[in-house]
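Below: one structure, written as C-alpha cells.
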Protein chains: 2
Amino acid sequence: MDRRQQKTQQAIFKAFDRLLEKKRFEDISIKDIAEEANIGRSTFYAHFETKADLMDAVCSEIFTHVLSITIPTEQSHDFSTSETSLKNRLIHILHHLKDNGSTTKGVFASGDGQLFLHYFGEYLKEMFNPYVSTIYIQVPDDYVLNHMVTGFAATVNWWLQGGFSPTPEMVADYFMQVNGFVTITKISQ
Amino acid sequence: MDRRQQKTQQAIFKAFDRLLEKKRFEDISIKDIAEEANIGRSTFYAHFETKADLMDAVCSEIFTHVLSITIPTEQSHDFSTSETSLKNRLIHILHHLKDNGSTTKGVFASGDGQLFLHYFGEYLKEMFNPYVSTIYIQVPDDYVLNHMVTGFAATVNWWLQGGFSPTPEMVADYFMQVNGFVTITKISQ
DNA sequence: ACATAATTGCACGTTGTGTTCAATAACTTA
DNA sequence: TAAGTTATTGAACACAACGTGCAATTATGT
C-alpha cells in the first residue's frame with residue numbers, strides 16, 4: 001500500500017480520536033476531521049464515503065482487537081471452569097477497552113453504545129449464548145441473551161462514565177453477580 | 001390559548017408521529033414536519049426552537065402520562081407486597097407504552113432509548129432505588145441501579161422490536177426474574 | 001528518470017438550518 | 001359586530017455542511 005495512503009489513514013484516525021475527546025460524533029464535521037488531520041477535505045472522501053464509514057472502521061478495528069485477544073482463551077469446555085472462563089474473557093475485554101479509553105468513550109458517546117452494540121452484538125451473543133439456557137428457565141432465551149448483551153454495554157458505559165475507576169476484575173464481578181452467575185443472590189427481603 | 005396555536009401544535013405532533021413511523025428521527029427534517037403538518041416552515045419555528053425541542057416535548061408528554069398512571073399506585077409500604085407493587089407499576093408502564101406504540105417506537109428509534117432514558121431516568125431511578133440495596137450486597141448500589149434502569153429500557157426495546165407480542169404481564173415477569181426479584185434463580189450448573 | 005497514483009484546492013449544486021419581515025388571516029373581547 | 005391583538009404565511013437571506021468533479025501538483029514505487 002502506498003505510503004501516502006497509510007499516512008493519511010493514520011492521520012484521519014488520530015484526528016478522529018482527538019476530536020472524539022472534545023466533541024460528540026454528531027457534532028464533528030468532515031471539515032473538522034480534515035482540518036484536524038491536516039489534509040484536504042477531498043482527500044477524506046478518497047478514503048471514506050461518509051463520517052459513519054469512518055466510525056465503522058474504528059469500531060471494527062476495536063472489534064478485531066478484542067476478538068483476537070479473547071477468542072483464543074476459549075479452549076476449556078469443562079463446566080466447572082466455564083464461568084471463570086467467561087469472566088476471564090470479560091476481564092480481557094474490559095482491560096482492552098480501558099487501554100483505549102478515549103476511543104471507547106467516543107464510540108459510546110455516539111448513541112450510548114449503539115455502535116458498540118452493533119459491532120460487538122454478534123460476538124457478544126456468541127459469547128453469552130452457551131450460558132443463557134442454564135440460568136433463567138422461565139424466561140425466553142432471546143430475552144435473556146438481549147439482556148446480557150445490552151447489560152454488558154451498559155456496564156461498560158457505567159464504568160467509563162465513572163472514569164474506569166474500579167478494576168476490570170471488579171467490574172466483571174459485578175456483571176457476573178447481577179446476571180445470575182453466582183451461587184447466592186438475594187431474595188425478596 | 002389561541003385556537004390557532006392549539007391546532008398547529010397538534011398538527012405538528014401528529015405529523016411528527018406519522019413521520020416517526022416511516023423514518024428515523026435523524027432523517028426527519030423540519031421541512032418534512034412542516035409539510036406533513038401542512039403548515040409554513042416559519043410557523044414551526046414559532047412553536048419549537050429545534051427538532052430536538054419537539055422531541056423533548058413528545059418525551060415529556062409520554063413521561064407525564066406514565067407518571068400520572070403509576071405514581072398513585074404507590075401507597076403500600078408493606079414489604080410482602082413491595083415486589084408485586086413494583087411489578088404492577090411496571091405492568092402499567094408497559095401497557096401505556098404499548099398503547100402509544102408508534103410514538104414509543106419513534107422515541108426508541110432515535111438512539112436506542114437514549115431519550116427515553118434521559119426523560120424516564122430520574123423517575124425510574126426513584127422507582128427502583130428502594131429495591132437496590134436489598135438484592136446484590138456485594139455490588140455497588142449505583143451500578144445495580146444503572147443496571148436496572150438501562151435493563152428496563154432494553155426490555156422495552158426488545159419488546160417493541162418483537163412487535164409487543166408477549167403481554168405486559170409476561171414482560172414484567174421476565175424483567176423481575178432476570179433482575180433477581182425471585183426466590184429461586186439458578187446456580188452455576 | 002518515468003510512469004503511476006495520491007493529494008490538493010477550488011468550484012459547483014444541493015440540502016438543511018435559523019432568522020427576518022411585511023402581508024394576510026384568524027381569534028378575542030369589549 | 002367592530003377593533004385591536006396575535007398567529008400564520010411565504011419569500012428572502014445568510015450560513016454551514018455535504019458530496020462530486022477536475023486539473024494541477026506532488027510523492028511514490030520501480
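Residue numbering restarts at 1 for every chain, and letters A, B, ... go by the order of the sequence lines. None of these values were measured; they are calculated from a predicted model.
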Problem set entry | Any donor-acceptor N/O pair under 3.5 Å between C/dG18 base and B/Arg41 side chain |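 Yes, the side chain and the base share a sub-3.5 Å donor-acceptor pair.
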Exercise. Within the pair A/Ser29 and D/dA16, is there a side-chain N or O less than 4.0 Å away from OP1 or OP2?
Worked result: no
Exercise. When you check the phosphate oxygens OP1 and OP2 of C/dT28, does a side-chain N or O of B/Arg3 lie under 4.0 Å from one of them?
Worked result: yes
[X] [atom1] to [N] [atom2]: how many Å, rounded?
X	N	atom1	atom2	value
A/Gln5	D/dG29	CD	P	10 Å
B/Lys31	D/dG10	NZ	P	14 Å
B/Glu26	C/dT15	CD	P	20 Å
A/Ile28	D/dA16	CD1	P	18 Å
A/Gln6	C/dA5	CD	C1'	14 Å
B/Lys7	D/dA7	NZ	P	15 Å
B/Ile12	D/dA7	CD1	C1'	12 Å
A/Glu35	D/dC18	CD	P	11 Å

Exercise. Taking NZ, NE, NH1 and NH2 as the nitrogens, is one of them in B/Glu36 or B/Lys23 under 4.0 Å from a carboxylate oxygen of the other?
Worked result: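 Looking at B/Glu36 and B/Lys23, the cut-off is not met.
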For this session: Could you please spell out the steps behind the side chain to side chain donor-acceptor pair (under 3.5 Å) verdict for A/Asp32 and A/Ser29?
Result: CA-CA 5 Å; A/Asp32 289 339; A/Ser29 70; 3.2 Å; yes
Exercise. Where does the angle between the aromatic ring planes of B/Tyr143 and B/His147 fall among parallel (under 30°), tilted (30 to 60°) and perpendicular (over 60°)?
Worked result: parallel
For this session: For atom CD of B/Gln5, decide whether the heavy atoms of other residues, nucleotides or ligands shown that lie under 6.0 angstrom number more than 12.
Result: yes
Exercise. Shortest non-hydrogen contact from B/Ala37 to B/Ala11?
Worked result: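 Residues B/Ala37 and B/Ala11, closest heavy atoms: CB-O, 3.5 Å.
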For this session: Might you point out which heavy atoms bring B/Ala34 and B/Arg41 nearest each other, and give the distance in Å?
Result: CB-CA, 3.9 Å
Exercise. More 5' along DNA chain C: A/Ile39 or B/Met1, using each one's nearest nucleotide?
Worked result: A/Ile39
For this session: Among B/Phe152, B/Phe164, B/Phe175, find the residue that satisfies the ring-ring contact (aromatic ring centres under 6.0 Å, His included) test when tested with B/Trp159.
Result: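 The option that passes is B/Phe164.
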Exercise. Which nucleotide sits closest to the side chain of A/Thr8: C/dT7, D/dC18, D/dT28?
Worked result: C/dT7
Exercise. Between D/dA17, D/dA7, D/dT9, which nucleotide gets closest to the side-chain atoms of B/Asp2?
Worked result: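 The answer is D/dA7, which lies nearest to the side chain.
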Exercise. Using a cut-off of 4.0 Å on non-hydrogen atoms, how would the nucleic acid contact of A/Arg4 be classed: base, sugar-phosphate, or nothing?
Worked result: base
For this session: Can you sort out which residues in residues 42-50 of chain A have a heavy atom within less than 4.0 Å of DNA chain D? Ascending by number, please.
Result: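 Output list: A/Ser42, A/Tyr45, A/Thr50.
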